[in-house]
Amino acid sequence: MLFTALDDLAAEISLTPMQALGIPVAIVGAVFLSVGTQFQHRGVGHFEGGDQRGAHLGGSAMLRLVRNPAWVVGTLLLGLAIVMQLGALALAPLIVVQPLGAVALVVTAILNARLAGIRLDHRTIRAIALCLTGIGIFVTVAAIFAVERPIRDQQLLTVLALLVVALAGLGAAWWWFRHRANAFFYILAAGVLYGFVVTLSKIVINRIISSQFDWLTIVCAVALVIAMLVGSYAVQLAHASGPPDLVIAGLTVIDPLVAVLIGVTVLGEASATPPWAVIVFAAAGAIAVTGVLQLARHHPQIRTLSTAPEEDQ
C-alpha cells in the first residue's frame with residue numbers, strides 16, 4: 001500500500017531529474033546568500049542594531065562601504081549566490097527553486113545570534129518557524145505541479161509594465177514616508193524588486209535557451225539591472241535599519257512570493273495546478289508573510305533598541 005502510494009506520488013511529480021538538480025543548487029546558493037548578508041551587515045556596522053527610522057546612506061557612506069573589507073567580501077559572496085540562483089533557474093521552474101532561499105533564514109539567524117551575542121526567544125523562533133513552514137509547504141506543492149513553458153513577448157511586456165508600476169509606487173511611498181520609513185519598509189521594497197530581478201533573470205535565460213535573443217530581451221536585461229541596483233540600495237538601507245536575519249526573512253519570503261505570483265499569473269508555470277493546490281499556495285504564502293511580520297515585531301535586537309529610551313527615563 002505504501003509503495004503504491006509513493007509510486008502514484010512520483011508519477012504526479014512534474015520535475016525531470018535534470019530539473020530536480022536545481023533544488024540542491026538553490027540550497028547551496030541560499031547558504032552563500034546567508035553568509036554574504038552577514039558580512040554586508042557587518043560592513044554597515046555604523047547603523048547596526050535596530051529599527052532606525054529614516055535611515056540614510058549617502059554617496060560618501062556608500063564610498064566607505066566599497067572600501068570596507070567585510071562589505072566587499074559579503075558582496076562577493078552574494079555574487080556567488082546570484083550565480084547559483086541563476087543556475088537553479090536555468091534548471092528548474094521559478095516557483096520551485098526560488099522559495100528555497102528560505103534556507104538562508106535559518107543559517108543567518110544562527111550566525112547572527114552567535115556573532116551579536118544574543119539569544120533568540122520563543123517568539124523569534126516561532127516567527128522563523130512560520131516562515132519556513134509556509135515556504136516548505138509552497139515548494140512541496142510547487143514541485144508536484146509546476147511546469148516550464150516558453151515565454152511569449154506579451155508575457156515579457158506584462159512583466160516590464162508591472163516593474164514600472166512597482167518602481168513608481170515604491171518611489172512615491174519612499175518620498176512620502178522617507179523620514180519615517182523603518183526596516184520593514186526597506187525589506188518590503190527590496191523583496192518586491194528582487195522578485196522582479198529573479199523573474200526577469202528567468203525570462204532572459206529562457207529566451208536565450210530558446211534562441212530568442214532580440215531587442216526585447218535586451219530591454220529585459222536592462223530592466224533587470226535597474227531593478228537590481230535599486231533593490232540593492234534598499235537592502236543596504238534595510239541593513240542600516242534592522243538585524244540581518246530580519247533582512248534575510250524579508251528577502252527569502254517576499255522576494256519568492258512576488259516572483260512566484262508573477263510566475264503563476266503571467267508566465268503560466270502553475271497552469272496545471274488544481275484549484276485545491278492554489279488554495280494551499282495562498283495559505284502557505286500567508287503563513288510565511290505572517291512569520292516575517294512577527295519577526296519584524298519581536299526580534300530581540302529591534303526590541304532592545306526601541307525599549308532603550310523608555311528604560312533610560
| With side chains defined as the heavy atoms from C-beta onward, is the minimum distance between Phe196 and Ile262 less than 4.5 Å? | yes
| request: May I ask whether Val219 and Leu224 are part of the same hydrophobic cluster, defined by side-chain heavy atoms of I, L, V, M, F, W, Y residues being less than 4.5 angstrom apart, directly or through others? | output: yes
| Is there a side-chain contact between Leu157 and Leu216, using heavy atoms and a 4.5 Å cut-off? | yes
| message | Contact between Val235 and Tyr194 at the side-chain level, heavy atoms closer than 4.5 Å - yes or no? | response | yes
| request: Could you tell me the separation between the CG atom of Leu188 and the CD1 atom of Ile254, rounded to the nearest 0.5 Å? | output: 5.0 Å
| field | Smallest separation among heavy atoms of Tyr186 and Ala234, with atom names | value | CB-O, 3.6 Å
| field | Gap separating the CG atom of Leu77 from the CZ atom of Phe39, nearest 0.5 angstrom | value | 6.5 Å
| query | Can you find a heavy atom in the side chain of Arg207 that is under 4.5 Å from one in the side chain of Phe213? | reply | no
| task | With Leu167 as reference, evaluate Leu193, Leu162, Val192 under the side chain to side chain contact (heavy atoms under 4.5 Å, CB included) test and give the passing residue. | result | Leu193
| note | Rounded to the nearest 0.5 Å, the CG atom of Asn206 sits from the OG1 atom of Thr217 at a distance of 9.5 Å
| query | Roughly how far apart are Asp153 CG and Ile203 CD1, rounded to 0.5 Å? | reply | 10.5 Å
| Distance from Thr199 atom OG1 to Asp255 atom CG, nearest 0.5 Å? | 8.0 Å
| Heavy-atom distance under 4.5 Å between the side chains of Tyr233 and Leu237, does that happen here? | yes
| said: Applying a strict under-4.5 Å side-chain criterion to I, L, V, M, F, W and Y, I'd like to know whether Ile287 and Phe281 cluster together. | reply: no
| request: Taking the side chain as every heavy atom from C-beta outward, state whether Leu170 and Val230 have any atom pair closer than 4.5 Å. | output: no
| query | Looking at Leu160 and Cys220, what are the two nearest heavy atoms and their distance? | reply | CD2-CA, 4.2 Å
| Shared hydrophobic cluster for Leu130 and Ile137 (ILVMFWY, side-chain gaps under 4.5 Å) | no
| field | Backbone N/O of Arg152 and side chain of Gln155: donor-acceptor pair under 3.5 Å | value | yes
| field | Contact check, side chains of Leu163 and Leu200, non-hydrogen atoms, under 4.5 Å | value | yes
| query | Given side chains that start at C-beta, do those of Leu91 and Ile23 come closer than 4.5 Å, heavy atoms only? | reply | no
| field | Same apolar cluster (I L V M F W Y, side chains within < 4.5 Å links), Val198/Ile209 | value | yes
| task | May I ask whether Ile226 and Val165 are part of the same hydrophobic cluster, defined by side-chain heavy atoms of I, L, V, M, F, W, Y residues being less than 4.5 angstrom apart, directly or through others? | result | no
| Once you round to the nearest 0.5 Å, how far does CG of Leu89 lie from CE of Met84? | 12.0 Å
